[in-house]
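Read through the structure below, which is laid out as structure tokens, and then see the notes.
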Amino acid sequence: MSGFLAGLCVAVLPLLTAGFWLGRRTARHESLGGLGTPVEHATFQTLHTASLAAPPLRAGLTGETARRSARRLRTLLGTDALCLTDQKQVLAWDGIGDHHRAEIMERLAGPLETGRGEAFRLTCYAPDCPLRWAVVAPLTVDDRVHGALVACAPRESAVLVRAAGEVARWVSVQLELADLDQSRTRLIEAEIKALRAQISPHFIFNSLAVIASFVRTDPERARELLLEFADFTRYSFRRHGDFTTLADELHAIDHYLALVRARFGERLSVTLQIAPEVLPVALPFLCLQPLVENAVKHGLEGKADKSHISITAQDAGAEALVVIEDDGTGMDPDLLRRILAGEVSPSGGIGLSNVDDRLRQVYGDDYGLVIETAVGAGMKITARLPKYQPGVHSASRRSEP
């Protein structure tokens, strides 16, 4: 991430320089109505325009994002026309002279292949078209050329060549950040798939076996458990949304525990204490269920007597505090550290490391799992969930108009 921030700083500095240069050219001795000197005013306008162009580009280079950002980029350069292209076509044209589209795409073959900018004279027979020169600045992400920024003007200008190159570098940084966001999303999706694949075949087999055992002795009970199984698997394998609500996750956990209790009977007791105000909090999908499954496994494994699991969700100001605790066999802390570091992956360990990784990716390193355990002392897992986090919205909220 430090490389991206460094690139962002490098790309913003030319914009500041452009604002300073514009202010010096238009400077007057008097202030501009309390807005500072002309240089400060021009710098502010440059950064403000850049900030308006950035959000569309953070979604990647498409026809829609190019159209929404082209006008802002043309304002930054102060040129008569500007277009953004990908490798095959002009995605958006802002300004006059859009009849030059075909000519520009013909001349882009070299810059798109080499990644080097250039300027060339435009051929134009339209008497009312003032455009005579085009400046091409490739847009690159990870040394791959994704397209080009092309600025068109009535005359050749070395200043425009340099300015177009700097703005193209800034656009490339936005596209690089967009690529990072997409990679992060793909990673989260892959990890969710890993969790789904980890849903124990033994759990599925045991659940169906328990349901089958009630078919003849208690058909109504068998029907209830079958519905619990269907609801749990439907939630676990749903295909929409990277995030869910705490209420939905706890509802799925309730289905899971109903199946577990049907198998183990009185050997397992569960206590839930949930604060109603935290139920709408959004969190990564399948984030808590693996922790409860881990508590069941370590709570019952190697014990002949009863086991107890407690699940609490408390309101902690700007955060929701979720604690899952069992009184089972516990774990060697050194082994736990190795599991979370990905060095070993015993049965049941993938869920813990997966959830820890996803929480850190979404919220930052300060929000990894806090696990307290020792051999024979049970395990207590604490997850802190910010109530509000940019980009974290449940599927139901994102589908709202």
Side-chain angles (χ1 to χ4, degrees), residues 195 199-200 203 206-207 210-211 221 224-236 238 243-301 303 305-331 348 351-352 354-356 358-359 363 367 369-373 377-387 392 394-396:
L195 268 181
I199 292 177
S200 173
F203 167 74
N206 291 331
S207 297
V210 169
I211 294 171
R221 177 70 169 145
E224 292 173 357
L225 291 175
L226 191 59
L227 292 176
E228 299 279 9
F229 181 78
D231 287 340
F232 173 71
T233 53
R234 183 183 299 113
Y235 176 81
S236 299
R238 74 177 194 178
F243 303 98
T244 187
T245 63
L246 185 56
D248 287 343
E249 188 83 354
L250 290 172
H251 195 54
I253 289 171
D254 188 53
H255 294 313
Y256 169 78
L257 289 173
L259 295 165
V260 173
R261 281 192 294 259
R263 180 186 174 199
F264 291 102
E266 296 183 356
R267 282 190 57 198
L268 176 66
S269 62
V270 181
T271 302
L272 287 91
Q273 292 182 314
I274 310 299
E277 54 267 31
V278 301
L279 291 176
V281 172
L283 71 161
F285 176 65
L286 276 183
C287 185
L288 300 181
Q289 189 277 333
L291 306 183
V292 175
E293 185 173 352
N294 180 79
V296 170
K297 180 179 184 299
H298 289 282
L300 292 168
E301 192 176 64
K303 290 186 63 176
D305 54 351
K306 295 181 179 180
S307 179
H308 180 260
I309 296 173
S310 68
I311 303 172
T312 63
Q314 303 172 350
D315 186 359
E319 299 173 344
L321 198 65
V322 180
V323 179
I324 299 169
E325 187 171 5
D326 67 75
D327 59 357
T329 57
M331 182 182 292
L352 284 180
N354 184 296
V355 171
D356 184 64
R358 285 196 292 142
L359 287 175
Y363 301 120
Y367 288 91
L369 294 177
V370 176
I371 305 177
E372 303 169 58
T373 189
M379 182 176 289
K380 179 180 179 181
I381 304 176
T382 302
R384 292 163 46 225
L385 306 170
K387 290 181 179 178
V392 178
S394 66
S396 58

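The two residues Asp326 and Ala295 make their nearest non-hydrogen contact at OD2-CA, 3.5 Å. Here the closest heavy-atom approach between residue Ala275 and residue Gln314 is recorded as CB-CA, 4.3 Å. Heavy-atom minimum distance, Leu369 versus Ile381: CD2-CG2, 4.0 Å. When all heavy atoms of Leu250 and Ile311 are compared, the closest pair comes out as CD2-CG2, 4.4 Å. Between Leu225 and Ala258 the shortest heavy-atom distance is CD2-O, 3.9 Å. Smallest separation of non-hydrogen atoms from Phe285 and Thr244: CA-CG2, 4.0 Å.
Considering CD of Glu224 and CG of Leu259, their distance stands at 11.5 Å, rounded to 0.5 Å. Note: Ile253 CD1 to Ile309 CD1 = 10.5 Å, rounded to the nearest 0.5 Å. Going from atom CG of Asp231 over to atom NE2 of His251 covers 6.0 Å, rounded to the nearest 0.5 Å.
Counting heavy atoms from C-beta on, the side chains of Thr271 and Thr312 never come closer than 4.5 Å.
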Would Val355 and Leu288 count as a side-chain contact (heavy atoms from CB on, under 4.5 Å) if you check the C-alpha gap in whole Å, the side-chain angles of each, and the deciding distance to 0.1 Å?
-> CA-CA 8 Å; Val355 171; Leu288 300 181; over 6 Å; no
Given side-chain contact (heavy atoms from CB on, under 4.5 Å), test Leu257 with Val296 step by step and report yes or no.
-> CA-CA 9 Å; Leu257 289 173; Val296 170; 4.2 Å; yes
